[in-house]
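Note that ligands are numbered from 1 as they come in the structure, with each ligand's atoms numbered from 1 the same way. Nothing here was measured: the structure is a model prediction, and the numbers come from that model.
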Amino acid sequence: MKEFKSIALDGPSGAGKSTLAKRVAKHFGFIYVDTGALYRAIGLFVFRNGVESKDEKGVLGLLSQIRLGMHYDESGLQRMLLNDEDVSDDIRLPEISTYASDVSAIPAVREFLLNMQRDMAKSHNVIMDGRDIGTVVLPSADLKIFITADDSARALRRFKELTAKGVDVTFEDVARDMMQRDKNDSEREAAPLKAADDAITVDTTELDFEQSFQALVNLISEKFGL
Ligand code: DC
């Protein structure tokens, strides 16, 4: 019997995965694992080293210099460490989103991160958010949820999130980058973004945050009897 509970939460960018997962994790006392942060940290390292994000050989040449770590601050939020530097803020910059998406299409990068993600689920009750959690990382997750929302709702959420942080972007740029990233993430050969066959899809287009949160709480409570 598995000792720890695992919830896989996949979906495109801007569907609300991370905000919801954080709150759900807190509610049930699970650990929230944001796997996108791992790809972002690699993207940041590649960016800082002046290597093209689609230059597979160049990226692979850098992997041996990368040491990633995750820890949780006093409020339970995940902090991302890249060679001991806290890069939690830098990895959120829009240019790093594109780098993350590009490097995530490289199979050796995915392999590099696989065990780290699986190990988290071996030692904690987790809600893990990403693109391939239900299909590749945790195919035996106890519960798989695929969160989605229509394109304009997702772009608007991402735009609000960035401007609230003071990042200077236009809605058009955010929407264009997001669509391009989703296309890359869905069409790549290595572990593309898709719902696992046994995932439950939650469409949040018409739901506000509280309603989306409640929908997840209901699914999780029902599954685990919590
Ligand atoms: O969730 P995010 O937007 O922070 O993820 C950044 C990129 O990383 C995303 O465009 C695709 C990639 N990613 C992935 O391929 N697999 C995951 N499990 C998580 C993220």
>> Below a 4.0 angstrom heavy-atom separation, can you tell me which part of Met128, side chain or backbone, both or neither, approaches ligand 1?
In response: neither

> For atom 8 (O) of ligand 1, which protein heavy atom lies nearest, and how many Å away is it?
Replying inline: Tyr39 CB, 3.5 Å

> What do you reckon, does Asp132 have a nitrogen or oxygen under 3.5 Å from a nitrogen or oxygen of ligand 1?
Replying inline: yes

>> Salt bridge check, Asp142 against Lys5: does any charged N sit closer than 4.0 Å to a carboxylate O?
In response: no

> Is there any N or O on Lys17 that sits under 3.5 Å from an N or O of ligand 1?
Replying inline: no

> Would one find an N or O of Arg131, backbone or side chain, under 3.5 Å from an N or O of ligand 1?
Replying inline: yes

> Judging by distance only, is a nitrogen or oxygen of Ser13 under 3.5 angstrom from one on ligand 1?
Replying inline: no

> Would you say Thr35 has any N or O atom under 3.5 Å from an N or O of ligand 1, going by distance alone?
Replying inline: yes

> Do ligand 1 and Asp34 have nitrogen or oxygen atoms that lie under 3.5 Å from each other?
Replying inline: no

>> Any nitrogen or oxygen of Asp185 lying under 3.5 Å from a nitrogen or oxygen in ligand 1? Just yes or no.
In response: yes

> What is the nearest protein non-hydrogen atom to atom 16 (N) of ligand 1, stated with its residue, atom name and distance?
Replying inline: Arg110 NH2, 3.0 Å

>> Just to verify, what does Asp73 make a side chain to side chain donor-acceptor pair (under 3.5 Å) with, not counting sequence neighbours?
In response: Ser75

>> Polar contacts were defined as any N/O atom of the residue lying under 3.5 Å from an N/O atom of the ligand; does this apply to Arg40 and ligand 1?
In response: yes

>> Quiz question: by atom type and distance under 3.5 Å, do the side chains of Arg158 and Ser97 form a donor-acceptor pair?
In response: no

